[in-house]
Amino acid sequence: YSFCTLLLPLRSTLVHLPNHKMSVRCQHLLIKHEGSRNPVSRRTNASTSGVSKSAAISELEGYLAKAKAGEDFGAMCKARSDCGSFAKDGDLGDFTRGQMQKPFEDASFALAVGEISGIVDTDSGVHIIKRIA
């Protein structure tokens with residue numbers, strides 16, 4: 001056997017493993033709170049310093065239930081997300097590993113296309129994420 005004969009099947013296997021995707025595309029609904037690193041909504045420009053983390057999580061749980069029931073995730077992001085991506089229905093575009101905060105990255109790359117995460121906590125606030133590509 002040549003080196004190439006052994007290497008090519010291994011390379012093909014690695015390329016197709018789900019956790020080795022080069023990039024993903026996601027929508028997300030972010031709710032900022034008093035502990036967020038920049039507690040200002042990009043949708044309203046209002047401070048979120050009066051919102052407790054537990055209140056943000058509680059509100060997000062309601063959106064998560066609606067999303068899991070099939071409601072339009074993009075419309076929910078547009079109406080409520082505190083991220084500037086609200087203007088694009090929460091769409092963050094394509095991103096690769098190392099571009100997002102680690103908990104967000106890990107959740108995004110673990111999702112199958114069309115799948116919605118549970119609540120993800122980052123320095124920015126609390127999110128639900130839907131992988132779209």
Side-chain angles (χ1 to χ4, degrees):
Y1 290 100
S2 74
F3 178 72
C4 289
T5 304
L6 295 173
L7 183 60
L8 288 176
L10 177 61
R11 181 175 174 202
S12 297
T13 303
L14 289 175
V15 169
H16 297 305
L17 290 174
N19 288 336
H20 287 84
K21 297 273 188 241
M22 296 302 291
S23 69
V24 294
R25 184 173 177 188
C26 296
Q27 293 170 292
H28 78 128
L29 195 159
L30 166 66
I31 299 181
K32 292 186 174 189
H33 52 76
E34 62 193 0
S36 297
R37 68 179 174 181
N38 185 0
V40 176
S41 172
R42 296 291 175 228
R43 181 177 45 84
T44 65
N45 292 317
S47 172
T48 61
S49 61
V51 178
S52 70
K53 185 174 182 178
S54 62
I57 290 171
S58 180
E59 182 180 358
L60 199 57
E61 286 171 340
Y63 285 106
L64 181 58
K66 290 176 184 180
K68 298 267 185 179
E71 286 198 32
D72 184 335
F73 190 71
M76 287 188 285
C77 295
K78 184 175 223 112
R80 178 58 184 95
S81 184
D82 288 323
C83 178
S85 67
F86 82 92
K88 297 179 282 181
D89 296 340
D91 189 348
L92 294 168
D94 294 318
F95 58 90
T96 59
R97 290 191 180 275
Q99 291 186 286
M100 301 291 176
Q101 294 175 51
K102 188 72 169 138
F104 192 97
E105 172 188 300
D106 289 345
S108 297
F109 278 83
L111 294 170
V113 174
E115 189 177 9
I116 298 169
S117 72
I119 293 175
V120 178
D121 186 12
T122 71
D123 290 344
S124 296
V126 290
H127 317 248
I128 46 178
I129 304 165
K130 181 176 183 180
R131 180 158 169 202
I132 56 176

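Keep in mind the model is a prediction, meaning the values are calculated, not measured.
- Under the 3.5 Å distance criterion, the side-chain polar atoms of S117 are matched with a main-chain donor or acceptor of I129.
- Atom OG in S49 sits 11.0 Å away from atom CG in N38 (nearest 0.5 Å).
- Applying side chain to side chain donor-acceptor pair (under 3.5 Å) to H28 and the options H127, R131, K130 leaves one that passes, H127.
- M100 and L30 fall into different hydrophobic clusters, where Ile, Leu, Val, Met, Phe, Trp and Tyr side chains are chained together by heavy-atom contacts under 4.5 Å.
- Residues K32 and V51 fail the side-chain proximity criterion, which asks for heavy atoms closer than 4.5 Å.
- A pairwise comparison of heavy atoms in F73 and A67 identifies CD1-CB, 3.8 Å as the closest pair.
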- request: Before giving the answer on side chain to side chain contact (heavy atoms under 4.5 Å, CB included), spell out for K88 and Q27 the whole-Å C-alpha distance, their side-chain angles and the decisive distance to 0.1 Å.
  value: CA-CA 9 Å; K88 297 179 282 181; Q27 293 170 292; over 6 Å; no

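- When all heavy atoms of S36 and S124 are compared, the pair lying nearest together is OG-O, 2.9 Å.
- A donor-acceptor contact shorter than 3.5 Å is absent between the side chain of T96 and the backbone of S23.
- In terms of heavy atoms, I116 sits closest to L64 at CG2-CD1, 3.9 Å.
- At a threshold of 4.5 Å between side-chain heavy atoms, the hydrophobic network of Ile, Leu, Val, Met, Phe, Trp and Tyr places V24 and L92 in one connected group.
- If you take CG on D94 and CE on M22, they are separated by 12.0 Å, rounding to the nearest 0.5 Å.
- Of all heavy-atom pairs between P103 and V120, the closest is O-CG1, 3.7 Å.
- Hydrophobic clustering (ILVMFWY, side-chain heavy atoms < 4.5 Å, transitive): L60 and M76 are in one cluster.
- One distance of note links CG of L111 with CG of D106; it measures 11.0 Å at 0.5 Å rounding.
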query: T48 and H33: side chain to side chain contact (heavy atoms under 4.5 Å, CB included), yes or no, with the steps?
result: CA-CA 5 Å; T48 61; H33 52 76; 5.6 Å; no

task: Walk me through it: do E34 and S52 pass the test side chain to side chain contact (heavy atoms under 4.5 Å, CB included)?
output: CA-CA 6 Å; E34 62 193 0; S52 70; 3.9 Å; yes

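- Using the six-membered ring where Trp is involved, F104 and F95 have ring planes that are tilted, between 30° and 60° apart.
- The same ILVMFWY cluster, assembled from side-chain heavy atoms under 4.5 Å apart, contains both V126 and I128.
- Taking SG of C77 as the start and CG of D82 as the end, the distance is 11.0 Å to the nearest 0.5 Å.
- For R25 (side chain) and I132 (main-chain N/O), no donor-acceptor pair under 3.5 Å exists by modelled atom type.
- Note on I119 and I31: same hydrophobic cluster, where clusters join Ile, Leu, Val, Met, Phe, Trp and Tyr whose side-chain heavy atoms are under 4.5 Å apart, directly or indirectly.
- Taking the charged nitrogens against the carboxylate oxygens, E105 and R97 do have a contact shorter than 4.0 Å, which makes a salt bridge.
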